[in-house]
Asker: 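Before anything else, here's the structure in question.
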Amino acid sequence: MPVLCSRCRGAPAEVRVAAGRLRLCPDCFIEYFEERLMKTVQEFKMFRPGERLAVAVSGGKDSGALLHALRRVYPNLELLALHINLGIKGYSDHCEEKVRRLADMDGAELRVLRIGEMGFTVDDFLKTIYRNRVCSPCGVIKRHLLDSMTLESGVKTLATGHNLDDVLSTMLETFFAGDLAQLIRLKPVLPSRHPKQTKKIKPLIRLSEFEDYMYALYTEIPIRSENCPHSPAIKKGREVLEALGKGRPGFRYQALSLFLKKLIPILEREITQPELKTCGRCGFPSSEDICAYCKRVDLVKGN
Ligand code: AMP
Ligand code: ZN
């Protein structure tokens, strides 16, 4: 006898979710996922229903699930999907094609920026001092361009597909690096601190990587089948998270609650965020006279 879905009691259960207390059939899982996203949006007052919202879509399961679920939960929301083609050989064009199909399926306006047309690619960083760690300049470039594309479109809020596992593993890495000011940036809503900075939201913060994967699978959205050739097979924070959570299904949810309710308020009281200046070159926020983006672009173009 198959185990029946804990919700509808009619169909066989296929997925175990939320600390192992529920076993759901595909239809009830889709419903569960969308409800959880909606509650997160409401709990943290991420956006108002009539607002225009930019969504950073990479071609992967997380941001794909995000765009699709937002469309289904808020059918009248004006969604602007943003994609950056990073010019990574054998990977970026494949991602762009999936994003185009998804935006089409969800009736979202789409803007694609191909950095190759700006005169460089992420692969070009292999020839620089970043040869073993191109993910570092890639992150800087993506953050800057997503902000600028959002603002150029007249939109103020940018949603990204960061999930529960992303936030917790980055939290561990950042904590052990001793970067407490950076920890605050993992909050589900980050208000803008500069005229050229968008408000950032993470509507998937209460959903795990596995749940994003299952949602993408059950809703049959187009997502990439290739992995980025530059990304490490496993990140350190992930390994630690896996080890801590082994045999404790509720661990990650408790860890997130502790982080949001206990640690963040203390950090916000005690730590002053570094002052934001304005980059003398591009006018975007920066901690120094010239921002990290402008420096990386200079480096890769050999200026
Ligand atoms: P990552 O830093 O690659 O883990 O990605 C985190 C989030 O950034 C994703 O969930 C997306 O929302 C966004 N993102 C990453 N890569 C891209 C891209 N090439 N174009 C647009 N958004 C992206
Ligand atoms: Zn700059």
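Source: prediction; values computed, not measured. All ligand and atom numbering here is 1-based and tracks the order in the structure. We count residues from 1, following the sequence as given.
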Asker: Check ligand 1 against L82 and write out every atom of the ligand that is under 4.0 Å from a heavy-atom position of the residue.
Answerer: 21 (C)
Asker: If I take the Zn ion (ligand 2) as the centre, what angle separates the SG atom of C282 from the SG atom of C291? Nearest 10 degrees is fine.
Answerer: 110°
Asker: Looking at K202 and D166, does any basic side-chain N land under 4.0 Å from a carboxylate oxygen?
Answerer: no
Asker: Do other residues, nucleotides or ligands put more than 12 heavy atoms under 6.0 Å from the NZ atom of K199?
Answerer: yes
Asker: Which ligand 1 atoms does T160 reach within 4.0 Å, using its non-hydrogen atoms?
Answerer: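 Under 4.0 Å from T160, ligand 1 has these atoms: 12 (O).
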Asker: Ignoring hydrogens and angles, tell me if any N or O in the side chain of T198 forms a donor-acceptor pair with the backbone of K200 under 3.5 Å.
Answerer: no
Asker: Under 4.0 Å from any heavy atom of V57, which atoms of ligand 1 are there?
Answerer: 20 (N), 21 (C), 22 (N)
Asker: Which atoms of ligand 1 have any heavy atom of S63 under 4.0 Å away?
Answerer: 10 (O), 11 (C), 12 (O)
Asker: Out of H83, R224, R114, which one pairs with E96 under the side chain to side chain donor-acceptor pair (under 3.5 Å) rule?
Answerer: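 When H83, R224, R114 are each tested with E96, the side chain to side chain donor-acceptor pair (under 3.5 Å) holds only for R114.
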Asker: When you measure from atom 3 (O) of ligand 1 to the protein, is at least one non-hydrogen atom found at a distance under 4.0 Å?
Answerer: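 Yes.
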Asker: Can you find an N/O atom of A56 closer than 3.5 Å to an N/O atom of ligand 1?
Answerer: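 So ligand 1 has an N or O lying under 3.5 Å from an N or O of A56.
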Asker: Does this structure show an ion pair linking E239 with K236, if we count only N-O contacts that are shorter than 4.0 Å?
Answerer: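 Yes.
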Asker: T170 and side-chain contact (heavy atoms from CB on, under 4.5 Å): which single residue from L186, D165, L183 fits?
Answerer: L186
Asker: Is the closest N or O pair between G161 and ligand 1 shorter than 3.5 Å?
Answerer: yes
Asker: Do you see an N/O/S atom of C279, backbone or side chain, under 2.8 Å from the Zn ion (ligand 2)?
Answerer: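 Within the cut-off used here (under 2.8 Å), C279 does place an N, O or S atom near the Zn ion (ligand 2).
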Asker: For ligand 1, which atoms sit closer than 4.0 Å to a heavy atom of K142?
Answerer: 2 (O), 3 (O), 15 (C), 16 (N), 17 (C)
Asker: Determine whether F29 and E211 satisfy the following criterion, side chain to side chain contact (heavy atoms under 4.5 Å, CB included), listing intermediate values before the conclusion.
Answerer: CA-CA 9 Å; F29 174 76; E211 289 169 338; 4.0 Å; yes
Asker: I'd like to check whether I84 has a polar contact with ligand 1, where a contact means an N/O of the residue lying under 3.5 Å from an N/O of the ligand.
Answerer: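 Yes, there is a polar N/O contact under 3.5 Å.
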